[in-house]
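Let me begin by presenting the structure, written as structure tokens, before commenting on it.
A, B, ... follow the sequence lines: proteins, then strands. Residue 1 opens every chain.
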Amino acid sequence: MCASAKYNTRGPALIPRMKTKHRIYYITLFSIVLLGLIATGMFQFWPHSIESSSDWTVEKRSVHDVPVVRLPADSPIPERGDLSCRMHTCFDVYRCGFNPKNKIKVYIYSLKKYVDEYGTLVSNTISREYNELLTAISDSDFYTDDVHRACLFVPSIDVLNQNTLRIKETAQALAQLSRWDRGTNHLLFNMLPGGPPDYNTALDVPRDRALLAGGGFSTWTYRQGYDVSIPVYSPLSGEVDLPERGPGPRRFFILSSQMALHPEYRSELEALQAENGESVLILDKCTNLSDGIPAVRKRCHKNQVFDYPQVLQEATFCVVLRGARLGQAVLSDVLQAGCVPVIIADSYILPFSEVLDWKRASVVIPEEKMPEMYSILQSVSQRQIEEMQRQARWFWEAYFRSMKAIALATLQIINDRIYPYAAISYEEWNDPPAVKWSSVSNPLFLPLIPPQSQGFTAIVLTYDRVESLFRVITEVSKVPSLSKLLVVWNNQNKNPPEDSLWPKIRVPLKVVRTAENKLSNRFFPYDEIETEAVLAIDDDIIMLTSDELQFGYEVWREFPDRLVGYPGRLHLWDHEMNKWKYESEWTNEVSMVLTGAAFYHKYFNYLYTYKMPGDIKNWVDAHMNCEDIAMNFLVANVTGKSVIKVTPRKKFKCPECTAIDGLSLDQTHMVERSECINKFASVFGTMPLKVVEHRADPVLYKDDFPEKLKSFPNIGSL
Amino acid sequence: MQTGTKYLLLALLASCLLLFFGADRLRRAASFSSPKAEAPGRWPRWADGSLLQSFAGAGELEGDGAAPSPSPSPKARRAARLGTHQRRRCRMETCFDRSRCEQHGFKVFVYPREAGVPVSDAYLNILASIEESGYRTADAGAACLFVLGIDTLDRDRLSARYVPGVGEKLRASALWNGGRNHLIFTLYSGTWPDYAEELGFDSGQAMLARASARAETFRPGFDVSLPLFPAEHPRKGGEPGCLRQRALPPRKKYLLVFKGKRYLTGIGSGTRNALRRLHDGKDVVSLTSCRHGRGWQRRKDARCDRDHADYEKFDYQELLRNSTFCLIPRGRRLGSFRFLEALQAACVPVVLSDGWELPFSEVLDWGKAAVVASERLLLQVPSAVRRVGPERLLALQQQTQLLWDAYFSSVDKIVRTTLEIIRDRLSPHRSRARFFWNALPGGLLALPDFSTRPGDFPFYYLQQGRPRRRRHRDRFFPYAEIRTDAVLSLDEHAGLSTSEVDFAFAAWRSFPERIVGFPARRHFWDAERQRWGCSAERSNELSIVLPAAAFYHRYYHSLFVRSVPAGPRGLLGGGACEDVLLNLLVAAATKLPPVKVDAATPGSAPRLLQPQDCLDRLAAWLGHMPLVPSQLRLDPVLFKDPVSVLRKKYRRLEMP
């Protein structure tokens, strides 16, 4: 009503000579125009999100419904592949640029249909595998849809199988790609190269400087550091689900499952079988299968029929012989079955050999040594076989199982060449998750005994016990190897004493004030720490003798990657409660040392501050307890080594606090500490602490020997 | 206007609008399928994606397509390969006769040296190292590998050390056989102006162990890439790496340094000319000098004098030791001395030498110890290395030391690495995986004859699970029946209690790579007599634990027997030095001291006293003194503590 009243009042002004009966008409007209405008406007803003987020338009498209490109007979053909190409000669690194993420950008050309002059197709449409591969690249972090920012170009022309292509026309199709530029920075994927009769080991399509990810390279066609050797994908990987088989004896020792073996090889294998009997099984095509059973999934030996690839799991070693081509899809099946491949293909470049350590997953035997295969394989120990089986399965899972895995591994290899600063390590490529999980990579792996002259930095965390602090400072300053003393003043409400009040000591004394009263301040890698060795010491530890501390430092020098401390503690499994328990009784074993006084490498301060797993650091700060247990966990987890307890010292008796050290307090303390161990073990996902039965004493400790001739005569009591 | 017409117009207008709208939509739909598909968006999800054919039929994957019936026999194809892949395309299977190595094993024959022809010290060192490697044979008929007696290290025709007429001499030799099974060592090849890789003679089918190898001409799996080492490189032992401490942050005074020649013209001048642009006067120091060769002043440019002033301000050694990264640009040739210098100094090499096949690249994983940058991206280097985090940096620094000490610090190590690489190729199934070469203590100390499984060695137990518990009573020979990891070596005087043995074994399990035992000795430098001495007196230090009563890993048996060639074993004088030698070998492998545990009964009289010069002779043979002193002893946790004896697990240790 209000609106019409508005129009009514406006009406005469806009259309003064209009009759009232026409008004309604104009109003309707006006509203229609308005509606139209609004609708158009809405369409301008909405459609983008609709189109890009939903697949409705895309789903309707077929691979056959793509633009057609006609290739004239005289359109240019690229040069043949240049065997001398290397990254520094044929690859344009400038296109990749300096990139904070250290990721190359990969562009995929859109799909086209190529026909020759007469309208005949140049190749089949894209294959299922190549489509999967391109989809995987497109979904990965490597992908860019901006051709100008791309560093690597992947044509959508499918050259996985050379048999399906017309070589000259495919080459012409490559040459007319918008960014071809002699193939620079172009990556082609090929799994079945060459053709009869001589089967070249690299794709025969002229491709100039393009990189080739090829599935059957020999050492003569593989351009090391430029090409990437990839597996021949086995479509069975996607079809058959073979669960990983655990270690243990398998029915056959050697198995050969390839159907199209050259008669010469087959007779050699049969000779092996004749010699070694049942443990060698040579399978062949099945000749008299009933209809309906796919021949691919069956193998026969005489009249016995075996399921393939399941039968591979029955064998310890599986032969992978060269065929006319070097790369064989059976390798993938064999790895999937966790069977150790015996590779007999001279000069074959194994898949991803640039990064994978195949000697840990396979046995390579020269072709001429085939007759000795049995004895060679028998010399492999059972434990090694089990490791190789695990390794083989891992290679399949990580790098063979899908076109996606193959595509991403290939791109990662090229990426690592371009950004060597951020390259993936040997361990990341080669160690199966179980090994990565259980093994350690000690950050201080080099066996170095730091020079004694370096000395150590003592760090005293203090709040307000000034008197006790000063006594600690005086005591510690007597240790010959002390090179600096750092007081971490953790009290924000009170200023540290004036400079003049501090004890005068022979080494530099620095006070660091903290922003917050947190326990983790004790483990911060302060720039003021210039030595490798850190002595963390509480502001009430005054009972340690100078000899004891100096000896601790000497022991740390021999074990610079461990925590070296005085009183030891133990973790125990409580069978009743089914959880870990903290133990401070006098036991024959230790697994932790208290950091009330302990030597350790400064690097562990860095780890504690920046790399502590989970929320442990905050948890410790919140609970004001267990920072020492956290440190013990951290060091043991990263080094895989035990702590070193030195000297007989069993506990830190602080004179002032004996009174409040009541039994009940002690009890809650123990419960809390046990809780910490359980909490940390769950965060770390494992119990990294190592139990040992020894402690370190000076060589002549308590020996019948003149005290004054001992280096450390004054080792304190308990 | 009639009302009807008006409403008609209205309807028309409305339909116009609708049409516009619809057309817009249609246009959009159309544009999505054709021109727009060119650029943005991901790879499409095809409607018929699931109907696509596989790239190859099952038969094709299995049987390589066509029927195999007429395909040539593999043996014939192998023979054909032999013919076509020669010389520059040589590989082990085409240019090396493996059958020569099968009968007598891996034996190396060194041609007798020709009288009157001078041989450089470096080459003499190489020959001497082969001699001592244990692979040498005097019988050419039994040899698997041949090494020339003629010095081929310097093949620069303009050099004074160039030996002319090598080709004729080789052709005249009855053993040459077209170079088959020969190994030729070369450090410098080619000369001004192009420094091509020519040797000045036809090397035929011989393998080349060469420095500054180019990736394009390097025959992978056949040639061996050597580091360039100076003439005065020590034959044995060699200096230790310079890393003494692992500071945090692991950065040193300078981030990146270079000090060297700037070529005014010729090959390699491109990169060297650009280097000075990196200099920022703060933590990136890149100094170049135009002074080199004759007549540099004729070609000098405006910058030379200014650069020289800076150049004099810094000392090369000082820069090397105080820098985190060192630029290793190509010289005239691809390799340079500074690569090994930086490696030793724990200055992480930043290699700017496109196409250089890095030393022993066949087995070494250089990505763990160096940064291989691109000459073309030189200017990005400072910012890229600045972003390397402390963890990686610390690992890089330590790995430089590992590699330096394992493979490069002496001619002996370089030669033995070369031989071991070739030996590994001959029996791929009995060779070291890449893991062994790149982890402590290095491939030379991990014998593949012992095992190819990391877990069988004492060094990798943290990566590969812990050793199992068993003992044995044998001495120094790897008897096949020793299938357990720990060996308890005892002699008849030991008289240990089970409690003592149990404790020692528990301790050994924490230190399986060391010798853990009771009787200890200490080595010292006798300044008066200028030799190493060994003291049996009780002291505050120890560096030897006698295997008269000790646990150690069974691998050390093999190491003992295999790595000590016949000569020095004779030098041991019938066994009295054996105990010391075992300690030396273990210390050389681990760089760690042995572990002493305490015995309540200090055994009856110690075994034979070592001849006084034993230690000295062994150290001379090794080229250095590997023993490391220790000041501690391991005791049970409650050892001699004033608590009830019943509490103590190893109470027998305290009883007199």
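- Looking only at side-chain heavy atoms (C-beta outward), B:Leu61 and A:Tyr233 stay at 4.5 Å or farther from each other.
- Ranked by heavy-atom pairs under 4.5 Å with chain A, the first of B:Ala507, B:Ser374, B:Pro390 is B:Pro390.
- With hydrogens and angles disregarded, no donor-acceptor distance shorter than 3.5 Å links the side chain of B:Gln631 to the backbone of A:Glu554.
- Between A:Lys611 and B:Glu391 there is a salt bridge, with a side-chain nitrogen of the basic residue lying less than 4.0 Å from a carboxylate oxygen of the acidic one.
- In this structure, the portion of B:Val628 lying under 4.5 Å from any heavy atom of chain A is its side chain and not its backbone.
- Only the side chain of A:Val363 comes within contact range of chain B, with heavy atoms under 4.5 Å apart.
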After noting the C-alpha distance and the side-chain angles of B:Asp456 and A:Arg383, does the key distance pass the salt bridge (charged side-chain N to carboxylate O under 4.0 Å, His left out) rule? CA-CA 9 Å; B:Asp456 289 340; A:Arg383 278 197 281 174; 3.7 Å; yes
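- With a 4.5 Å cut-off on non-hydrogen atoms, A:Glu132 does not touch chain B at all.
- Minimum heavy-atom separation, A:Pro447 to B:Leu440: CD-CD1, 3.4 Å.
- Both the backbone and the side chain of A:Glu693 have a heavy atom closer than 4.5 Å to some heavy atom of chain B.
- With contacts defined as side-chain heavy-atom distances shorter than 4.5 Å, the pair A:Trp220/B:Arg81 qualifies.
- For A:Asp703, the parts lying near chain B are the backbone and the side chain together; criterion is any non-hydrogen pair under 4.5 Å.
- Remark: A:Leu709 CG to B:Ser539 OG distance equals 11.0 Å, nearest 0.5 Å.
- Looking at every heavy atom in both residues, B:Arg244 comes nearest to A:Glu532 through O-OE1, 4.0 Å.
- Closest non-hydrogen pair, B:Phe55 versus A:Thr164, comes out as O-CG2, 4.2 Å.
- For B:Leu379, no part lies near chain A; criterion is any non-hydrogen pair under 4.5 Å.
- Between B:Phe503 and A:His694, the ring-plane angle classifies as perpendicular under the 30° and 60° cut-offs.
- Of the atoms belonging to A:Thr587, it is backbone heavy atoms, and not side-chain ones, that fall under 4.5 Å from chain B.
- Ranked by heavy-atom pairs shorter than 4.5 Å toward chain A, the options B:Lys591, B:Arg647, B:Glu541, B:Arg376 are led by B:Arg376.
- Comment: A:Lys650 engages B:Asp641 in a salt bridge, judged by a side-chain N to carboxylate O separation of less than 4.0 angstrom.
- The backbone N or O of A:Val699 lies less than 3.5 Å from no partner atom in the side chain of B:Asn540, so there is not a single donor-acceptor pair.
- Of the two parts of A:Thr639, only the backbone, made up of N, CA, C and O, holds a non-hydrogen atom closer than 4.5 Å to a non-hydrogen atom of chain B.
- No hydrogens or angles considered: a donor-acceptor pair under 3.5 Å links the side chains of B:Trp43 and A:Asn131.
- For the pair A:Arg360 and B:Phe435, the cation-pi criterion (under 6.0 Å, within 45° of the ring axis) is fulfilled.
- Side-chain contact check for B:Glu216 and A:Ser84: no donor-acceptor pair (N or O, by modelled atom type) lies under 3.5 Å.
- Both the backbone and the side chain of B:Asp635 come within contact range of chain A, with heavy atoms under 4.5 Å apart.
- Between the CZ atom in A:Arg61 and the CZ atom in B:Arg45 there is a gap of 13.0 Å [rounded to 0.5 Å].
- Proximity to chain A involves both the backbone and the side chain of B:Gln399, based on heavy atoms less than 4.5 angstrom apart.
- Between chain A and the options B:Lys640, B:Arg430, B:Lys648, B:Arg538, heavy-atom pairs under 4.5 Å are most frequent for B:Arg538.
- Of the atoms belonging to B:Arg219, not a single heavy atom falls under 4.5 Å from chain A.
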Please assess A:Asp145 against B:Arg42 for the test salt bridge (charged side-chain N to carboxylate O under 4.0 Å, His left out), listing each intermediate value before the final yes or no. CA-CA 7 Å; A:Asp145 57 9; B:Arg42 308 233 137 196; over 6 Å; no
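- A donor-acceptor distance shorter than 3.5 angstrom exists from the side chain of B:Arg633 to the backbone of A:Tyr701, with no hydrogens or angles considered.
- Proximity of A:Gln454 to B:Gln245: side-chain heavy atoms (C-beta onward) are separated by under 4.5 Å at one or more points.
- Put simply, of B:Glu375, B:Arg387, B:Lys368, the one with the most heavy-atom pairs under 4.5 Å next to chain A is B:Arg387.
- With a 4.5 angstrom heavy-atom cutoff, A:Ile418 does not touch chain B via any of its atoms.
- For A:Lys359 against B:Pro428, the heavy-atom pair with the smallest separation is CE-O, 4.4 Å.
- Between B:Arg77 and A:Ala324, the closest heavy-atom pair is NH2-O, 3.6 Å.
- A donor-acceptor pair under 3.5 Å links the side-chain atoms of B:Arg392 to the main chain of A:Tyr421, judged by distance alone.
- Contact record, A:Leu446 with B:Gln398: N-OE1, 2.9 Å, taken as the closest heavy-atom pair.
- Among the candidates B:Pro250, B:Ser54, B:Ala506, B:Pro642, the residue making the largest number of heavy-atom pairs closer than 4.5 Å to chain A is B:Ser54.
- With a threshold of 4.5 angstrom between heavy atoms, B:Ser99 does not approach chain A through any atom at all.
- Using a 4.5 Å cut-off between heavy atoms, B:Val372 touches chain A through its backbone atoms (N, CA, C, O) alone.
- Listed options A:Val147, A:Asp416, A:Leu160 were ranked by heavy-atom pairs under 4.5 angstrom with chain B; first place goes to A:Leu160.
- Atom NE2 of residue B:His85 and atom OG of residue A:Ser347 lie 7.5 Å apart, to the nearest 0.5 angstrom.
- Checked by atom type and distance alone, the side chain of A:Gln384 pairs as donor or acceptor with a backbone atom of B:Thr452 at under 3.5 Å.
- Proximity to chain A is limited to the side chain of B:Leu394, based on heavy atoms less than 4.5 angstrom apart.
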Checking B:Lys649 against A:Glu589 for the salt bridge (charged side-chain N to carboxylate O under 4.0 Å, His left out) test, could you report, in this order, the C-alpha distance in whole Å, the side-chain angles of both residues, the deciding distance, and whether it holds? CA-CA 9 Å; B:Lys649 182 172 173 191; A:Glu589 295 163 319; 5.4 Å; no
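- At a 4.5 Å heavy-atom cutoff, the contact between A:Val66 and chain B is made by side-chain atoms alone.
- For A:Asp139, the parts lying near chain B are the backbone and the side chain together; criterion is any non-hydrogen pair under 4.5 Å.
- A:Asn124 and B:Gln53 are not linked by any side-chain donor-acceptor pair at a separation below 3.5 angstrom, with hydrogens and angles left out of the test.
- For chain A, no part of B:Leu51 is nearby; none of its heavy atoms comes within less than 4.5 Å.
- For A:Leu83, the part sitting under 4.5 Å from any heavy atom of chain B is the side chain, from C-beta outward, and nothing else.
- For chain B, the nearby parts of A:Leu444 are the backbone and the side chain; heavy atoms of each come within less than 4.5 Å.
- Contacts between A:Val63 and chain B at a heavy-atom distance below 4.5 Å involve backbone atoms as well as side-chain atoms.
- Proximity to chain A is limited to the side chain of B:Pro593, based on heavy atoms less than 4.5 angstrom apart.
- The shortest side-chain heavy-atom distance between A:Pro525 and B:Leu248 falls under the 4.5 Å cut-off.
- Looking at B:Leu592, the atoms closer than 4.5 Å to chain A (heavy atoms on both sides) all sit in the side chain, from C-beta outward.
- Between the side chain of A:Arg695 and the backbone N or O of B:Phe639 there is at least one donor-acceptor pair closer than 3.5 Å.
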